[in-house]
Amino acid sequence: MPSPRNKPLIAGALVAGAILLGLGGQFAHSSYEAADLRHRAEAMTGGDVKRGKLAFSRYGCGGCHTATGLPQANGMVGPPIDGVGARAIIGGRLENKPDNLMLWIENPQKVSPGTAMPNLGVTPRDARDIAAFLYTRT
Ligand code: HEC
């Protein structure tokens with residue numbers, strides 16, 4: 001039996017343990033959700049989220065679009081990338097589905113002649129990966 005003097009210590013250890021378990025659970029839960037979102041985005045598009053994120057930076061998309069967590073994505077010309085996965089319409093014209101999103105990324109001027117988003121010469125493979133990345137932003 002623990003002596004009465006040790007009781008507060010034991011209680012403190014139990015509380016600390018419970019808090020750590022809780023935090024661990026939270027972390028596991030949110031990283032599980034992120035992985036789930038990534039898998040779904042990749043299944044929808046056939047693209048690779050990691051490559052898409054890199055391509056998004058390489059093509060300079062962040063010069064015109066903000067995206068949380070990407071320091072260089074702070075442009076205010078186009079709409080924010082956060083939430084794009086949940087929007088109904090892309091570029092004011094197209095139903096938001098994977099083929100349309102890739103078409104937009106590759107050739108916005110064809111979809112919407114004169115739109116302020118220029119054609120950036122994005123290859124079909126890169127457009128697929130970028131679309132996967134964008135669909136993680138719900
Ligand atoms: C020179 C600025 C500029 C650059 C660079 C740019 N965009 Fe855009 N983008 C825009 C503008 C402006 C719109 C809104 C166009 C419209 O609605 O006609 C837009 C719209 C979009 C949309 C549709 C969003 C919505 O909610 O309707 C997506 C997706 C998108 N851009 C992705 C990209 C990607 C990916 C890149 C990089 C390959 C990129 N953009 C580079 C300016 C830019």
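Small disclaimer: the values here were computed from a predicted structure and weren't measured. When a ligand or atom number is given, it counts from 1 through the structure's own listing order.
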Given Met117, Met102, Met76, which one has a non-hydrogen atom that is nearest to atom 33 (C) of ligand 1?
Met117
To the nearest 0.1 Å, how far is atom 23 (C) of ligand 1 from its closest protein heavy atom, and which atom is that?
Ile90 CG2, 3.3 Å
Quick one: nearest non-hydrogen protein atom to atom 14 (C) of ligand 1, plus distance?
Pro79 CD, 3.7 Å
Protein contact of atom 5 (C) of ligand 1 - nearest heavy atom, named by residue and atom, plus distance
Cys64 SG, 3.6 Å
Minimum heavy-atom separation for Ile90 to Lys97, with atom names?
CD1-N, 4.3 Å
When you measure from atom 27 (O) of ligand 1 to each heavy atom in Gly92, Ala127, Gly91, Gly114, which option holds the nearest one?
Gly91
Could a heavy atom of Pro118 be found less than 4.0 Å from some atom of ligand 1?
yes
Can you name the nearest heavy-atom pair linking Ala41 to Val49, along with the distance?
CB-CG2, 4.4 Å
Is there at least one pair of N or O atoms, one from Thr115 and one from ligand 1, spaced under 3.5 Å apart?
yes
Looking only at protein heavy atoms, which one is nearest to atom 38 (C) of ligand 1, and what is the separation?
Cys61 SG, 2.7 Å
So if I count the atoms of ligand 1 from 1 in the order they appear, which ones are less than 4.0 Å from some heavy atom of Arg87?
25 (C), 26 (O)
Within the 4.0 Å heavy-atom shell around Leu134, which atoms of ligand 1 are there?
29 (C)
Distance from atom 29 (C) of ligand 1 to nearest protein heavy atom, with residue and atom:
Leu101 CD1, 3.6 Å
Between Gly78, Gly85, Ala55, which one has a non-hydrogen atom sitting closest to atom 11 (C) of ligand 1?
Gly78
Note: heavy atom closest to atom 7 (N) of ligand 1, options His65, Arg137, Arg93, belongs to His65
So which protein heavy atom does atom 21 (C) of ligand 1 come closest to, and at what separation?
Trp104 NE1, 3.2 Å
Counting each atom of ligand 1 from 1 as listed, which ones have a heavy atom of Val77 under 4.0 Å away?
12 (C)
Please indicate whether any nitrogen or oxygen in Ser112 is less than 3.5 Å from any nitrogen or oxygen in ligand 1.
no
Relative to the heavy atoms of Ile130, which atoms of ligand 1 are at a distance of less than 4.0 Å?
35 (C)
Under 4.5 Å between side-chain heavy atoms, counting indirect links through other Ile/Leu/Val/Met/Phe/Trp/Tyr residues: same cluster for Leu54 and Leu134 or not?
no
Of all protein heavy atoms, the one nearest atom 41 (C) of ligand 1 is Leu120 CD1, 3.5 Å
Considering only protein heavy atoms, which is closest to atom 12 (C) of ligand 1, and at what distance to one decimal place?
Ala116 CB, 3.6 Å
